[in-house]
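We count residues from 1, following the sequence as given.
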Amino acid sequence: MITREAAGTIYTHAGPEIGVASTKAFTCQLTALYLFALYLAQVRGAMTAEQIRTAAQELTLIPGKLETIFTHDEACEDLAKRFQRSHDFLFLGRGIHYPIALEGALKLKEVSYIHAEGYPAGEMKHGPNALIDENLPVVIIATRDVNNPDSMLRYEKTMSNLKEVKARSGVVIALATEGDEEIKESADHVLYVPAAPEELSPILEIVPLQLLAYHIAVRRGCDVDQPRNLAKSVTVE
């Protein structure tokens with residue numbers, strides 16, 4: 001149906017998956033879109049051949065970095081023990097990280113049935129601030145690309161958001177880049193992902209967020225593969 005009605009098709013090649021909340025489907029979609037963006041940059045002359053080659057090489061390093069994240073799964077499990085009885089979660093992200101905050105909140109809702117909301121970190125004064133207290137876990141995506149000045153600026157602003165949450169007695173779970181020791185001084189808990197160019201960081205960031213949702217759901221006795229009321233594919237409008 002898609003190939004007949006669309007001008008073109010990009011396949012994810014993620015393979016079969018029984019579970020509704022599939023990590024590999026989401027990360028494969030991000031990878032496919034990243035490659036598509038590189039192709040557009042090439043045909044439009046927006047990037048040099050060397051820049052595209054470097055970007056592609058960085059992508060080949062992502063599988064190894066994902067493996068590293070899975071070796072620290074116990075950190076997500078420990079957080080699940082602490083927050084399995086929470087009634088609400090708030091996820092904050094800035095710029096390219098905001099959609100990952102949305103996805104993190106979505107997966108927690110889908111598999112654990114805990115109310116969770118994703119919000120742009122730059123707009124937290126217009127709503128989420130009123131919800132923050134000592135009972136609200138706030139997941140803040142605060143990764144950084146030290147080679148990207150714009151990323152470092154976003155990081156500084158996100159750290160300001162983090163401190164604002166702490167000033168209101170919120171419980172902060174920070175998602176940070178390996179080597180960032182400064183963030184431990186402000187956050188209650190820290191999950192680390194390997195360093196990567198900012199454009200590729202979402203592929204790494206979503207994995208610990210989905211692992212956190214998974215472990216919380218398991219501890220709450222939820223069916224992680226087949227959440228209630230959800231379907232793997234949409235067959236009706």
Side-chain angles (χ1 to χ4, degrees), residues 1-2 10-33 62-63 65-93 97-119 128 131 133-141 170-175 188-193 201-237:
M1 182 70 72
I2 293 177
I10 300 175
Y11 292 104
T12 59
H13 297 290
E17 173 62 66
I18 296 175
V20 172
S22 168
T23 302
K24 69 178 182 179
F26 186 77
T27 54
C28 281
Q29 289 167 10
L30 290 179
T31 302
L33 291 173
I62 293 298
K65 294 177 180 181
L66 288 171
E67 289 289 342
T68 300
I69 294 174
F70 282 110
T71 62
H72 296 92
D73 182 37
E74 68 277 1
C76 295
E77 193 167 4
D78 289 342
L79 287 176
K81 295 176 186 177
R82 184 181 296 268
F83 296 108
Q84 62 178 309
R85 293 183 177 85
S86 297
H87 297 289
D88 303 278
F89 265 78
L90 179 63
F91 288 72
L92 298 176
H97 312 288
Y98 166 50
I100 304 305
L102 290 175
E103 176 66 12
L106 175 65
K107 285 298 172 284
L108 187 63
K109 280 186 285 192
E110 287 182 327
V111 300
S112 74
Y113 315 142
I114 294 175
H115 170 256
E117 182 177 358
Y119 218 82
L131 302 175
D133 61 18
E134 66 277 3
N135 297 314
L136 179 68
V138 182
V139 180
I140 299 181
I141 302 175
V171 182
V172 174
I173 302 171
L175 185 60
D188 297 284
H189 311 278
V190 182
L191 295 172
Y192 284 106
V193 297
S201 60
I203 301 176
L204 302 175
E205 292 166 354
I206 193 55
V207 174
L209 297 186
Q210 291 197 352
L211 284 172
L212 178 63
Y214 166 80
H215 285 300
I216 289 177
V218 169
R219 289 193 162 274
R220 289 167 65 91
C222 302
D223 186 342
V224 179
D225 290 322
Q226 300 294 327
R228 67 189 182 198
N229 306 328
L230 299 183
K232 184 62 183 173
S233 59
V234 179
T235 56
V236 295
E237 294 184 2

Residue pair [X] / [Y]: nearest heavy atoms and the distance that separates them:
X: Phe91; Y: Ala101; value: CB-O, 3.4 Å
X: Ala213; Y: Ser112; value: O-CB, 4.5 Å
X: Asp188; Y: Val172; value: OD2-N, 2.8 Å
X: Pro208; Y: Cys76; value: O-SG, 3.6 Å

May I ask you to decide if Arg228's main-chain N or O and Tyr113's side chain share a donor-acceptor pair within less than 3.5 Å?
yes
Main-chain N/O of Lys81 paired to Asp78 side chain as donor or acceptor, under 3.5 Å
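Here the side-chain-to-backbone pair does not exist.
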How long is the gap from [atom1] on [X] to [atom2] on [Y], to the nearest 0.5 Å?
X: Leu191; Y: Leu211; atom1: CG; atom2: CG; result: 9.0 Å
X: Arg82; Y: Arg219; atom1: CZ; atom2: CZ; result: 12.0 Å
X: Cys28; Y: Leu33; atom1: SG; atom2: CG; result: 11.0 Å
X: Glu205; Y: Ile141; atom1: CD; atom2: CD1; result: 5.0 Å
X: Leu30; Y: Ile206; atom1: CG; atom2: CD1; result: 8.0 Å
X: Arg85; Y: Arg220; atom1: CZ; atom2: CZ; result: 9.5 Å

Do NZ/NE/NH1/NH2 and the carboxylate oxygens of Glu103 and Lys107 come within less than 4.0 Å?
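Salt bridge present between Glu103 and Lys107.
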Is there a side-chain contact between [X] and [Y] in this structure, where contact means two heavy atoms from C-beta onward sitting under 4.5 Å apart?
X: Val171; Y: Leu136; answer: no
X: Phe83; Y: Ile114; answer: no
X: Leu131; Y: Asp88; answer: no
X: Leu102; Y: Leu106; answer: no
X: Val218; Y: Glu77; answer: no
X: Leu108; Y: Leu212; answer: no
X: Leu175; Y: Ile100; answer: no

Does atom CZ (Phe89) have a neighbourhood of more than 12 heavy atoms from anything else shown, all under 6.0 Å?
yes
Evaluate the side-chain contact (heavy atoms from CB on, under 4.5 Å) criterion for residues His215 and Asp73: first the C-alpha distance (whole Å), next the side-chain angles of each, then the deciding distance (0.1 Å), finally the verdict.
CA-CA 10 Å; His215 285 300; Asp73 182 37; 2.8 Å; yes
Let me see the working for Leu204 and Leu66 under side-chain contact (heavy atoms from CB on, under 4.5 Å), right down to the final yes or no.
CA-CA 6 Å; Leu204 302 175; Leu66 288 171; 3.7 Å; yes
Scan side-chain atoms only and decide if Asn135 and His87 contain a donor-acceptor pair under the 3.5 Å cut-off.
no
Ser201 and Val193: side-chain contact (heavy atoms from CB on, under 4.5 Å), yes or no, with the steps?
CA-CA 9 Å; Ser201 60; Val193 297; over 6 Å; no
